[in-house]
Amino acid sequence: MTAHTTPSSVATPTGFGSVTGVPNLPEGFTGTFRSRFVTANGLRLHVVTGGQGPALLLLGGWPQTWYAWRFVMPALARDFSVVAVDPRGVGLSDKPDIGYDSATLATDLVALMEELGHPRFAMVGHDIGMWTGYAMAADHPGRIERLAVAEAIIPGISPSPPLLGSRRLSDLLWHFTFNRAHEVNERLVQGREEIYFGHQFATKAATPTSIPDYAVQVYVDTLRDPHALRASFDYYRAIDETIEQSRRRRQRKITIPVLAIGGATACGDGVEVEMRSVAEDVTGLVIPDCGHYVPEEAPEILLDALTRFLAPYKNAAA
């Protein structure tokens, strides 16, 4: 295995991608949160940590970094020790050539939380973070107390959509097949990152301007790194492995409380349907006038829902 790594002489992450190198953070953000490197499962992972209380892991998805959680992190930090992570291949974290299946990702993040002193924690997962959160709950029972998930299907759980389905379904999911290709997708996207990834945000959010231009630019600039671009596609190239792992997991439902969140203009109630097929205790929420990028499109509604869902976890730790 080879990995693209940040030089080991850098003890604290600084500059672009860290809390000191991204624009338009909420007021006081850097007074609460800091960037750190943590070695877990043989990788150096970039995390942004802050707050106090029981541990809460925030895990985003493609094609974003920890930055997607910036609007909800300050309020959450009043009640929780927040950990927003760039998983393998993302942002300032190591970018190995392998390990993008859900089982390996789950192992990475359980090891990360253990390294940070949080053997048990609550979790919020968006997009691929939903795949990974489910894998963590199924593969590492007893680690996650409560799991909130948003806006994804889980490979191996959802029936595969038809090749020639509705135009809306195609517009929502066509990137799955494109991203699973080998080499040709890098060659088509490299140097045109703004076109490809800009299109994703413009068409999967509720409106073309729901995600502000400055945020889209952060994500696009992150993916100009060819190692990051390759790793972003490797998540999808590992789907065959993830499908087999998910099929084994679904033989037994997870029992922890789950909050399943969909945006009304994207997955809608499909997230709740998905999670009810693999979990026993599911509460559903569909957010009106919201697309795929829930933490950025509807942060206040998300915060309200998480506050209520996580209250028993917070109170138990008091």
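FYI, the numbering just counts along the sequence from 1.
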Do other residues, nucleotides or ligands put more than 12 heavy atoms under 6.0 Å from the [atom1] atom of [X]?
X      : atom1 : result
Asp304 : CG    : yes
Arg120 : CZ    : yes
Asp213 : CG    : no

Side chains of [X] and [Y]: closer than 4.5 Å at any heavy-atom pair?
X      : Y      : value
Glu274 : Ser158 : yes
Trp66  : Leu92  : no
Met123 : Met113 : no
Arg70  : Val22  : no
Leu302 : Glu297 : no
Pro295 : Tyr67  : no
Arg143 : Glu114 : yes

Please step through salt bridge (Lys or Arg N to Asp or Glu O under 4.0 Å) for the pair Lys253 and Glu280, ending with a clear verdict. CA-CA 6 Å; Lys253 287 188 174 185; Glu280 293 181 355; over 6 Å; no

Can any side-chain N or O of [X] pair as donor or acceptor with the backbone N or O of [Y] at less than 3.5 Å?
X      : Y      : result
Asp94  : Pro96  : no
Thr32  : Gly50  : no
Thr104 : Tyr100 : no
Ser81  : Pro54  : no
Thr39  : Arg44  : no
Arg146 : Leu259 : no
Thr222 : Val218 : yes
Ser246 : Ile243 : no

Are [X] and [Y] within salt-bridge range, i.e. N to O under 4.0 Å?
X      : Y      : value
Asp234 : Lys95  : no
Arg276 : Glu272 : yes
Arg237 : Glu186 : yes
Glu193 : Arg224 : yes

By the definition side chain to side chain donor-acceptor pair (under 3.5 Å), identify the one residue from Ser35, Ser93, Ser18 that meets it with His46.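 Between His46 and the candidates, side chain to side chain donor-acceptor pair (under 3.5 Å) is satisfied uniquely by Ser35.
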
Can you confirm if the aromatic rings of His175 and Tyr236 lie within a centre distance of less than 6.0 Å?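 For Tyr236 and His175, the ring centres are under 6.0 Å apart.
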
Are the aromatic ring centres of Phe197 and Tyr219 under 6.0 angstrom apart? no

Below 30° counts as parallel, above 60° as perpendicular, anything between as tilted: where do the rings of Trp131 and Phe176 land?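 It falls in the tilted class, 30° to 60°.
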
Between [atom1] on residue [X] and [atom2] on residue [Y], distance to nearest 0.5 Å:
X      : Y      : atom1 : atom2 : answer
Phe309 : Leu306 : CZ    : CG    : 8.5 Å
Ile154 : Gln245 : CD1   : CD    : 12.5 Å
Asn315 : Leu310 : CG    : CG    : 10.5 Å
Thr242 : Arg247 : OG1   : CZ    : 11.5 Å
Tyr313 : Phe121 : OH    : CZ    : 8.5 Å
Ile144 : Tyr134 : CD1   : OH    : 12.0 Å

Return the minimal non-hydrogen interatomic distance between Leu59 and Pro87, and the atom names on each side. CD1-CG, 3.8 Å

Is there a path of hydrophobic side-chain contacts, each under 4.5 Å between heavy atoms of I/L/V/M/F/W/Y residues, joining Phe201 to Trp174?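 Yes, Trp174 connects to Phe201 through the hydrophobic network.
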
Check the pair Glu151 / His126 against side chain to side chain donor-acceptor pair (under 3.5 Å), numbers first and verdict last. CA-CA 6 Å; Glu151 274 296 307; His126 172 251; 5.8 Å; no

Ser102 vs Arg249, side chain to side chain donor-acceptor pair (under 3.5 Å): CA-CA, chis, key distance, verdict: CA-CA 11 Å; Ser102 61; Arg249 292 178 189 119; 3.0 Å; yes

